[in-house]
Engineer: 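Structure provided below as structure tokens; questions to follow.
Protein chains get the first letters and strands the later ones, always in sequence-line order, with residue 1 at the start of each. For the numbers below, each heavy atom of this structure counts, side chains included, while hydrogens, waters and symmetry mates do not.
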There are 2 protein chains.
Amino acid sequence: MDLRLLRCFVAVADAGSVTAAAQELYVSQPTLSRQLHRLEREIGLVLFRPLDGRLVITSAGRELLPRARTLLAGAAAVRAFAREIAAGAIGAVHVAAPTAILHDVLAPLIAAAPPNLPPLTVRPMDTEKLYDAVDGDADLAVGAHAPPAHLSARVLARLPVRAYVPANHGLAINGSVTLTELIDHDLLLPDRQHHIRQVLDVATAEAGLVYRTAGGFESAPVALANAAAGRGVAVASGDPAFGLVPLPIITAQGPMMEPLFAAWRVDHHAPSTLAGLAGELTAYLIDRHGPWVAPETRHSVPALRTRSLH
Amino acid sequence: MDLRLLRCFVAVADAGSVTAAAQELYVSQPTLSRQLHRLEREIGLVLFRPLDGRLVITSAGRELLPRARTLLAGAAAVRAFAREIAAGAIGAVHVAAPTAILHDVLAPLIAAAPPNLPPLTVRPMDTEKLYDAVDGDADLAVGAHAPPAHLSARVLARLPVRAYVPANHGLAINGSVTLTELIDHDLLLPDRQHHIRQVLDVATAEAGLVYRTAGGFESAPVALANAAAGRGVAVASGDPAFGLVPLPIITAQGPMMEPLFAAWRVDHHAPSTLAGLAGELTAYLIDRHGPWVAPETRHSVPALRTRSLH
DNA sequence: TGACTTTACGGTTATCGTAAAGATG
DNA sequence: CATCTTTACGATAACCGTAAAGTCA
């Protein structure tokens with residue numbers, strides 16, 4: 001079922017003669033006649049019949065004609081679609097991210113549904129395999145670790161790392177906590193591979209401080225749950241839960257922050273779409289957490305804004 | 001946009017490697033690799049990318065894949081449809097017929113909608129050009145004249161030729177009229193080219209009789225209208241109108257009858273469908289006018305059945 | 001080394017256009 | 001005889017398969 005032959009069929013049916021159709025298709029008339037016969041032999045139908053020195057379409061040809069047109073239109077649509085893809089269009093963006101980011105950032109963004117957002121398909125991905133996902137079936141990877149250099153990447157935002165305490169906790173009064181104050185408490189932390197742990201390690205090392213922890217938890221929400229149970233102060237960067245109060249952690253370098261990255265392959269077919277999505281993510285995070293989380297700026301610690309955190 | 005290349009694309013995407021897909025497609029592996037690159041060059045997209053010695057589909061390929069499948073399915077559907085046509089299927093039957101037959105036979109048949117009737121498209125056609133219509137865009141021609149010998153043909157029925165008189169006319173009492181009785185009256189007839197005129201000419205010539213007429217009318221309904229106005233006795237074969245009473249005309253050979261033919265090209269792709277439609281027409285006419293109109297049988301004149309004529 | 005893809009090359013097939021022949025009014 | 005279709009034929013281009021080379025765990 002060669003589409004070219006189908007095109008010949010439609011052209012002859014429209015033009016009313018092989019000669020006329022051959023001119024429109026820029027082929028010689030015998031060539032077109034042969035292609036018609038080739039099609040007839042291929043599909044086992046007589047499509048035209050000579051009458052008065054002309055060709056007239058047969059009943060079988062009349063039956064086939066609209067289907068042939070439809071198929072050719074479908075082929076043209078696929079061609080046009082391919083051109084759109086080549087021009088950078090994209091139907092749906094597949095995003096890979098750790099569960100926490102998926103839960104705290106991507107799902108809320110999808111729920112907010114900004115107007116320019118392409119359809120997103122998000123998939124949870126272990127931190128270790130995160131940036132390899134763009135070599136597979138992910139268009140974009142969003143994570144807290146710095147992506148490898150061979151990927152195109154953007155810093156989406158610098159999210160505050162915070163201490164989470166019950167509302168009646170002594171630290172809750174100030175609205176923030178210094179690193180020095182923090183290490184006097186038992187810290188409830190996620191596992192070592194979580195990026196938040198590395199940020200904390202670097203900050204305490206720079207300050208010459210040491211913190212106490214009863215070992216890592218499997219995930220940030222579990223650490224928060226233990227904090228709510230009064231077992232210590234949780235350190236994390238996600239949304240508060242269990243009625244806990246989040247306190248920005250102040251270091252000598254300013255508020256402790258955790259960067260959020262988006263990364264994609266340099267040879268992705270729609271880099272501008274992905275960069276645009278990264279911009280949407282940044283805009284969303286700024287809208288949600290305030291302008292001071294913007295990747296390129298450094299502001300002072302804002303007053304704690306509990307309302308906008310929900 | 002060669003469908004074969006699209007098939008290669010889908011096969012490789014499904015098989016996961018060129019080598020595996022090549023085996024399924026019964027082509028050599030380098031050939032398939034080349035076809036993939038040909039497709040990529042043709043549509044301007046990179047569909048696969050090497051990773052760890054394998055090929056993995058790119059985001060562009062992932063976007064294109066479902067469209068390619070759809071198009072290939074459409075091509076398969078067209079191929080299947082062509083096979084159905086070749087096997088004698090037909091979507092709609094185009095029927096050409098004179099206006100009178102279209103009105104008296106085909107339209108009522110469509111309205112009756114017997115279960116096995118294919119969709120009909122009926123088109124009025126002058127009597128002279130009727131049987132040429134099957135060389136054009138008509139599948140079937142239905143008419144009263146004998147079709148040319150080069151067409152496949154069936155006699156659908158032999159419809160009674162009748163005299164139409166007002167209910168208070170003297171002839172109306174008997175329920176039928178002999179040819180001898182008939183020629184005593186002024187006859188209102190359609191034009192010379194109407195087949196009914198030729199039937200009457202033959203019958204009177206055989207009987208050695210001569211009839212009087214005030215000239216032909218453009219169509220049978222106009223002749224009937226004049227009969228209703230009391231200007232004479234109309235002779236026709238269609239449905240009664242204007243409150244006229246139809247009287248079978250009895251000749252020495254029995255009731256005067258007019259055959260109804262269906263004809264189609266001998267090389268039509270679905271002769272069985274057309275023959276079946278002819279059978280439906282015969283069945284409908286028998287159901288409507290009685291078994292004595294059946295083409296192969298000769299019965300005596302039935303009692304006038306005014307009820308079933310409406 | 002093994003599995004896979006790509007490149008190179010010889011040979012076959014398909015397809016094209018020109019030119020001539022057949023068919024029809 | 002003018003128009004259209006079909007057939008014939010030589011030449012070009014496309015395509016395939018085998019074989020070799022390249023690439024990556």
Engineer: Determine whether the aromatic ring centres of F9(B) and F48(B) lie less than 6.0 Å apart.
Structural biologist: yes

Engineer: Between P on dT15(C) and CG on D2(B), what's the gap in Å once rounded to a whole number?
Structural biologist: 11 Å

Engineer: If you pin Q35(A) and H37(B) to their nearest nucleotides in DNA chain C, which one's is more 5'?
Structural biologist: H37(B)

Engineer: What is the distance, rounded to the nearest whole Å, between atom CG of L36(A) and atom P of dT6(D)?
Structural biologist: 8 Å

Engineer: May I ask you to verify if any side-chain N or O of S33(B) is less than 4.0 angstrom from the OP1 or OP2 atom of dT6(C)?
Structural biologist: yes

Engineer: Check whether any side-chain heavy atom of L189(B) sits under 4.5 Å from a side-chain heavy atom of I196(B), and report yes or no.
Structural biologist: no

Engineer: Please classify the nucleic acid contact of R38(A) as base, sugar-phosphate, or nothing, using heavy-atom distances under 4.0 Å.
Structural biologist: sugar-phosphate

Engineer: Could you point out which residue of H194(A), H195(A), E258(A) forms a side chain to side chain donor-acceptor pair (under 3.5 Å) with S237(A)?
Structural biologist: E258(A)

Engineer: Would L25(A) and C8(A) count as a side chain to side chain contact (heavy atoms under 4.5 Å, CB included) here? Give the steps.
Structural biologist: CA-CA 8 Å; L25(A) 294 177; C8(A) 292; 4.2 Å; yes

Engineer: Where do V95(A) and V142(A) come nearest, in terms of heavy atoms and distance?
Structural biologist: CG1-CG2, 3.9 Å

Engineer: How close or far is atom P of dT5(D) from atom CZ of R49(A), stated in whole angstroms?
Structural biologist: 14 Å

Engineer: Which heavy atom of V155(B) sits nearest to which heavy atom of T282(B), and what is that distance?
Structural biologist: O-OG1, 4.2 Å

Engineer: Of the options D137(B), I85(B), I90(B), which is the one that meets R62(A) in a side-chain contact (heavy atoms from CB on, under 4.5 Å)?
Structural biologist: D137(B)

Engineer: Has E218(A) got more than 12 heavy atoms of other residues, nucleotides or ligands less than 6.0 Å from its CD?
Structural biologist: no

Engineer: Side chain of R34(B): nearest nucleotide among dT5(D), dG17(D), dT15(C)?
Structural biologist: dG17(D)

Engineer: In whole angstrom, give the distance that lies between atom CG of D135(B) and atom P of dG25(C).
Structural biologist: 11 Å

Engineer: Examine dA14(D): is either OP1 or OP2 under 4.0 Å from a nitrogen or oxygen in the side chain of R4(A)? Give yes or no.
Structural biologist: no

Engineer: Tabulate protein N/O versus nucleotide N/O from nucleotides 21-25 of chain D, keeping only pairs under 3.5 Å, one per line.
Structural biologist:
| from | atom 1 | to | atom 2 | distance (Å) |
| --- | --- | --- | --- | --- |
| dA25(D) | OP1 | D52(B) | OD1 | 3.2 |

Engineer: Among H94(A), R265(A), H268(A), exactly one meets side chain to side chain donor-acceptor pair (under 3.5 Å) together with S59(B). Which residue is that?
Structural biologist: H268(A)

Engineer: Tell me which residues in residues 16-32 of chain A put a heavy atom below 4.0 Å from DNA chain D, sorted by number, or none.
Structural biologist: S17(A), V18(A), T19(A), Q29(A), P30(A)

